[in-house]
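Below is one structure; the comments refer to it alone.
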Amino acid sequence: MSASRLIAVTVNGQRREAEVAANRLLVDFLRGDLDLTGTKETCGIGVCGVCTVLLDGRPISACLTLAVMADGREVTTVEGIGQDDALDPVQTAFIEQGGFQCGACTPGQIVAARGLLNEIPAPTEEQIKSWMMGNLCRCTGYYSIIRSIQAAAEAERGR
Amino acid sequence: MRPFDYRLPESLEEAAALLSELGDDAKLIAGGTALVLLMKQDLVQPAYLVDLGRVPGLRGVRRTGGALAIGALTTHRELETSDEVRGACPVLAETLGKVATIRIRNMATIGGNLAHGDPNLDPPVTLLALDASVRLWSASGERDARLEDLFVDYYETAIQPTEILTDVLIPAMPPRSSGAFLKYTPRTEDDYGTVTVAVRLTADPSGERCQDVRIAIGCAGPTALRAREAEDELRGQVLGEGAFREVGALAYRAVDPISDVRGSAEYKQAMAAVFVRRALQEAHSRLLKLQ
């Protein structure tokens, strides 16, 4: 073992191998090494939520995670949710319900919401608020985000 | 963040040997949410990180009767949602669910939380009220330490440099007992508390008097602490608003908070009294539902 390590991370379904410095953060690995710039870093202290990615399906703060800790695991970023020609129901709902304005927090909101509906397909409003609590938004007042998630849940249940 | 050497031992023996070999320059890492943050801020600059993630046997909950043995690397989220924890010790599951945000809870481990020694953290307060202890492993043997002996000062615990915290042990709730954990967060819900209180209240066979009680307070001193004077005062008294108010006031003397963005020292002291009273009320009302 040394100051860097060869890691293999499955990112959005694709196996990616890279030699990374032990002190490289997951957010920098994703953005800088893999060109997946959908994940952002703003507060840098795990509070704001714009760096949200799913690690083995669970939302985490990529700004507080070392890239080496993702070795052998699965990471889902916003780029892995939906496709260009077939949006994920969460994305469609955010568009239809006005779940974003400036868009700065949106990648993190989408990832967190996708993680929520994967684990709890029919969440109550309380469950939505509790899960999404750490994804801050300065524009929407959160009401349209909650509505978007409820709409996405309903759309998915209707399938 | 400064560069560091990263080690990934595959056994406790290997991890302990690394700590022995590398000494003060090495730090253990589990979920990393506290440590990586401190390292990003250059407050901690270890030359070596020893990641416990591949050491087997450190995760999971074992329930024996009402007692719980929890592996140190179990995450907050795993405990919050665990049927065993919710069944044996609902106040503990509730406490873990109040920590920060779901992103932190998915990574942060219970062992890392206790080893951090930060009096503002939630789980130690409830675990203190539950008479919990930790198992500390070293190459020369294991020992158990009660939680009140574990916390020494701000960010300082009694864990020796070559010891590894492997388990958290929680005895069964005594009969006729209920717990409550209250976290006062006047700013935002994901914040550390201005004050936190956990109680475990045990009624006597008649159900009317306090047979035993534990009152633990966080965010109000160099470590999570027990309000022993308040506990002593409540034992034997008739359970109810009058006793809780009187006992709450004694909590004022148990705490020694510092002024910070979450409140002045005077405010935190006053709130400790208020929230001890409210926590006792909550535990009592849960007890009444049990009867």
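So that the names make sense, note that chain A is the first sequence line, chain B the second, and so on, each numbered from 1.
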Answer with side chain, backbone, both or neither: which region of A/D28 has an atom nearer than 4.5 Å to a non-hydrogen atom of chain B?
-> neither
Does any heavy atom of chain B fall under 4.5 Å from the side chain of A/N135, the backbone, both, or neither of them?
-> both
Chain B: which of A/L55, A/V47, A/T65 shares the most heavy-atom pairs with it under 4.5 Å?
->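 Answer, by heavy-atom pair count under 4.5 Å with chain B: A/V47.
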For chain B, which of A/V53, A/V68, A/I45 has the most heavy-atom pairs under 4.5 Å?
-> A/V68
Is the shortest side-chain N to carboxylate O distance from [X] to [Y] below 4.0 Å?
X: A/E41; Y: B/K40; result: yes
X: B/E282; Y: B/R286; result: yes
X: B/R7; Y: B/D51; result: no
X: A/R5; Y: B/D5; result: no
X: B/D167; Y: B/R62; result: yes

Interchain contact, [X] with chain A, by part (heavy-atom threshold 4.5 Å):
X: B/L35; answer: neither
X: B/A34; answer: neither
X: B/I104; answer: side chain
X: B/R77; answer: side chain

Between the main-chain N or O of A/G13 and the side-chain N or O of A/E74, is there a donor-acceptor pair closer than 3.5 Å?
-> no
Derivation of the ring-ring contact (aromatic ring centres under 6.0 Å, His included) call for B/Y184 and B/F275 | CA-CA 8 Å; B/Y184 179 38; B/F275 280 85; 4.7 Å; yes
Who wins among B/L37, B/L49, B/T101, B/T188 for the most heavy-atom pairs under 4.5 Å with chain A?
-> B/L37
